[in-house]
Amino acid sequence: GKPAAPIHRVEISPSVTAAFKALVMGTGATAGDGQERAEIFERLPNPSAFGTIILDAKPVAAGLCSFAGDSAGIAAMRTLADYRNQGLARSVFLVIAGRAYQAGYRLFWLQVETNNGPARHLYEGEGFEEVYRYHTWRLAPT
């Protein structure tokens, strides 16, 4: 169904913003990882919905929804550690999914790591269900 109303103010943009980019770059596994992800997001075609929450004069939560074909994909959901468990990710999700819903999208998809309990809780609470799992393989050193 239609996404509910967010409880936090979310800034929304059809393209990546400096605040969104700063948060993604600051939360990457490495500095290079964050930079690479930010550059990928800059290349996403419109229409997309980039959502960011600014608190204490800094970006603290963000996420994006990219629209393609008949579906909308949720990605890059981030919340700074000191701001977790306040409903910020849910507000970002509701705004970006709401933008896709307003544009006529009804099929949503996302990927989440199986050990990310808080993210799974958020997405399951919004009606998402697991469709399949994938595994990462590595070649053992010889």
Side-chain angles (χ1 to χ4, degrees), residues 1-140:
K2 183 179 178 183
I7 61 171
H8 300 90
R9 183 179 180 278
V10 179
E11 295 182 8
I12 191 83
S13 173
S15 57
V16 68
T17 64
F20 184 95
K21 186 175 177 180
L23 183 58
V24 169
M25 289 177 63
T27 57
T30 65
D33 175 63
Q35 178 69 34
E36 182 179 10
R37 289 174 189 264
E39 289 172 1
I40 289 169
F41 301 145
E42 288 176 333
R43 293 191 302 266
L44 284 176
N46 288 335
S48 295
F50 290 79
T52 309
I53 295 178
I54 309 292
L55 294 175
D56 304 325
K58 65 184 172 196
V60 299
L64 74 90
C65 187
S66 180
F67 316 153
D70 65 349
S71 65
I74 305 293
M77 295 290 292
R78 302 279 191 278
T79 303
L80 292 182
D82 290 347
Y83 292 85
R84 292 184 180 147
N85 300 312
Q86 299 177 32
L88 298 170
R90 185 172 308 278
S91 288
V92 169
F93 172 84
L94 292 172
V95 169
I96 62 179
R99 189 59 58 101
Y101 191 89
Q102 290 170 353
Y105 291 88
R106 298 298 181 266
L107 177 62
F108 291 82
W109 61 271
L110 56 85
Q111 295 176 331
V112 63
E113 294 181 9
T114 56
N115 65 350
N116 189 341
R120 290 177 58 109
H121 177 77
L122 167 64
Y123 302 134
E124 289 167 359
E126 294 302 324
F128 282 80
E129 59 185 34
E130 183 177 299
V131 177
Y132 67 90
R133 293 183 183 200
Y134 66 88
H135 300 276
T136 302
W137 295 69
R138 66 182 169 113
L139 180 61

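- Legend: residues meeting side chain to side chain contact (heavy atoms under 4.5 Å, CB included) with Arg84, ordered by chain and number and at least two apart, are Thr79, Ala81.
- A distance of 15.0 Å separates CG in Leu88 from CZ in Phe93, rounded to the nearest 0.5 Å.
- Across Ala76 and Phe41, no two heavy atoms sit closer than the pair CB-CZ, 3.4 Å.
- Not a single side chain to side chain contact (heavy atoms under 4.5 Å, CB included) links Glu129 to another residue, sequence neighbours left out.
- Here Met25 contributes atom CE and Phe20 contributes atom CZ; the two are 12.5 Å apart, rounded to the nearest 0.5 Å.
- Arg90 is linked by a salt bridge (charged side-chain N to carboxylate O under 4.0 Å, His left out) to Glu126, counting only residues two or more places apart in sequence or in another chain.
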In a table with atom names and distances, give each donor-acceptor pair under 3.5 Å that connects a side chain of residues 48-66 to protein atoms at least two apart or in another chain.
| from | atom 1 | to | atom 2 | distance (Å) |
| --- | --- | --- | --- | --- |
| Ser48 | OG | Pro45 | O | 2.9 |
| Asp56 | OD2 | Tyr83 | OH | 2.5 |

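- A donor-acceptor pair under 3.5 Å is absent between the side-chain atoms of His8 and the main chain of Ala89, judged by distance alone.
- No side-chain heavy atom of Trp109 sits less than 4.5 Å from a side-chain heavy atom of Ile74.
- Dense packing is recorded around CG of Asn115, with more than 12 heavy atoms of other residues, nucleotides or ligands lying under 6.0 Å away.
- Qualifying side chain to side chain contact (heavy atoms under 4.5 Å, CB included) partners for Leu139, counting only residues two or more places apart in sequence or in other chains: none.
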- prompt: After noting the C-alpha distance and the side-chain angles of Thr114 and Arg133, does the key distance pass the side chain to side chain contact (heavy atoms under 4.5 Å, CB included) rule?
  reply: CA-CA 8 Å; Thr114 56; Arg133 293 183 183 200; 4.0 Å; yes
- request: May I have the step-by-step check of side chain to side chain contact (heavy atoms under 4.5 Å, CB included) for Leu44 and Val16, ending in yes or no?
  value: CA-CA 9 Å; Leu44 284 176; Val16 68; over 6 Å; no
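- Proximity of a side-chain donor or acceptor of Ser71 to a complementary backbone N or O of Leu107 within less than 3.5 Å is not detected.
- With sequence neighbours left out, Arg43 forms a side chain to side chain contact (heavy atoms under 4.5 Å, CB included) with Glu39, Ile40.
- A pairwise comparison of heavy atoms in Ala100 and Phe67 identifies CB-CE2, 3.3 Å as the closest pair.
- Closest of all the heavy-atom pairs between Leu122 and Met77 is CD2-CE, 4.2 Å.
- Glu130 places a side-chain heavy atom less than 4.5 Å from the side chain of Arg120.
- For the atom pair OG of Ser15 and NZ of Lys21, the computed distance is 12.0 Å after rounding to the nearest 0.5 Å.
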